[in-house]
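Working notes, structure below.
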Amino acid sequence: MIQFQLETDKALFEAAMKFGQQQVRKLIEKSPGFCPMYTRNGTWKHEGATWTHWCDGFLPGMMWVFRRYEADRKGPDADFWKQNAIRYSRPLEARKTDREVHDLGFLFLSTYYRWFQVDRDPEQEAVLIEAGKTLALRFQDKGQYLRSFVSEDSLFIDIMMNVGIIFYAARATGDKHLREVALRHALTTRRVLVRGDGSTAHEGLFDTESGEFLRQATHQGHRADSCWSRGLAWALYGFGTCYEYSRDPHFLETAESCADYYITHSPADGIAPWDFNAPAESRKQFDTSAAAIAASGLLRLSRLLQDPVKGHFYWNTGLRILRTLSDKHLANKDKGWEGVLKGGVYHIHKGLGVNESVIWGDHFFIEGLEHALRHL
Ligand code: GLY
């Protein structure tokens, strides 16, 4: 029975991976050099509102994952993906000094980090280090957090997915100040944005004069005191990464508590509503991107736990979510749809990318599939 499930998963995930490659191939042929963010009625949107500029690493990031997948199975396309991944990663280099966004981890861990894992060229590592140093400049001494792109008094849960690049730069250079910044940011986030039940708030607001924490707030979630599912998924993944770098067990406990909240509050198929506390009618809108991030994060987390039973549980839950996404949410039955996964949500209040493909959902879905397939 177990063997049968593993074989079914393998076939399902391989088919989803193949479909992902087909979609990305079509995109780079149709719109060379274009890095999308979200679709409108299934077509990647080239113009219009983006709210913030954080997504350009995800398409090349998918290409790096395709390269690894193909290289591991000695597939003929490994070099095709590598050459394209390089072509799409290179233009990001200029963003290593971008002080407008808090997203340098999203941009560079998906691209230059993976490139450096392959080529070990010190010039690639220098880009990662510089990006980590730039992100660290957002640190607010008063309050002890990395400020979000919106204002000085604001801390976002999403930054937990970016702080890894500061840890990376700290480790690569031996710079204790950088490590301290990353640790303090993570500790503050844990204190003010992660609640006792493992749910998370999207934003924390501070008094910039005194550094006093004032209140929880939100931009993309339902309410200040609700749990926006993508924010929770960023937290479960991000605190896991933080534990990998710091080995501080508090961060592992936090990642586990966020993971347990995600699992116990999601339907049996593992696909979370866009906000766990939105009104019932609104909660019918799920967010497949939150599910993809959670799935990939759970697979990673499962390998960090000491307890093999819980590790198995997380691994199997990650597989279950990937199974649902591959089986029920893949865009393969909709001819002409340009993304990989349907049913993602970007910004529900602004009406951006609601029930559409979103590039980070596609990216973490592909990352999760590749991770799973390496072990099936
Ligand atoms: N900016 C990160 C997110 O929308 O989840």
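Remember, it's 1-based here, ligands and their atoms both numbered in the order they're listed.
- Scanning the protein heavy atoms around atom 1 (N) of ligand 1, the nearest turns out to be D158 OD2, 3.2 Å.
- A cation-pi arrangement is present between R247 and Y243 under the rule of less than 6.0 angstrom and at most 45 degrees off the ring axis.
- The aromatic rings of H219 and F156 sit tilted relative to each other, their planes meeting at an angle between 30° and 60°.
- A pairwise comparison of heavy atoms in L301 and L252 identifies CD1-CD1, 4.0 Å as the closest pair.
- Using a 4.0 Å cut-off between heavy atoms, W360 makes no contact with ligand 1 at all.
- Contact annotation for W234 and ligand 1: only side-chain heavy atoms (C-beta onward) come within less than 4.0 Å of the ligand.
- The shell of residues lying under 4.0 angstrom from ligand 1, judged by heavy atoms, excludes F149.
- A donor-acceptor pair under 3.5 Å links the side-chain atoms of H265 to the main chain of Y261, judged by distance alone.
- When hydrogens are left out, the protein atom nearest atom 3 (C) of ligand 1 is R230 NH2, 3.3 Å; that is the closest non-hydrogen contact.
- Against a heavy-atom cut-off of under 4.0 Å, Y346 is close to the following atoms of ligand 1: 4 (O).
- Only the side chain of Q220 comes within contact range of ligand 1, with a heavy atom under 4.0 Å; no backbone atom does.
- In summary, the atoms of ligand 1 found under 4.0 Å from a heavy atom of W228, numbered by their order in the structure, are 3 (C), 5 (O).
- With F116 as the aromatic partner, R120 meets the cation-pi criteria of under 6.0 angstrom to the ring centre and within 45 degrees of the ring axis.
- Annotation: cation-pi geometry satisfied between R303 and W315 (NZ/CZ under 6.0 angstrom from ring centroid, within 45° of ring axis).
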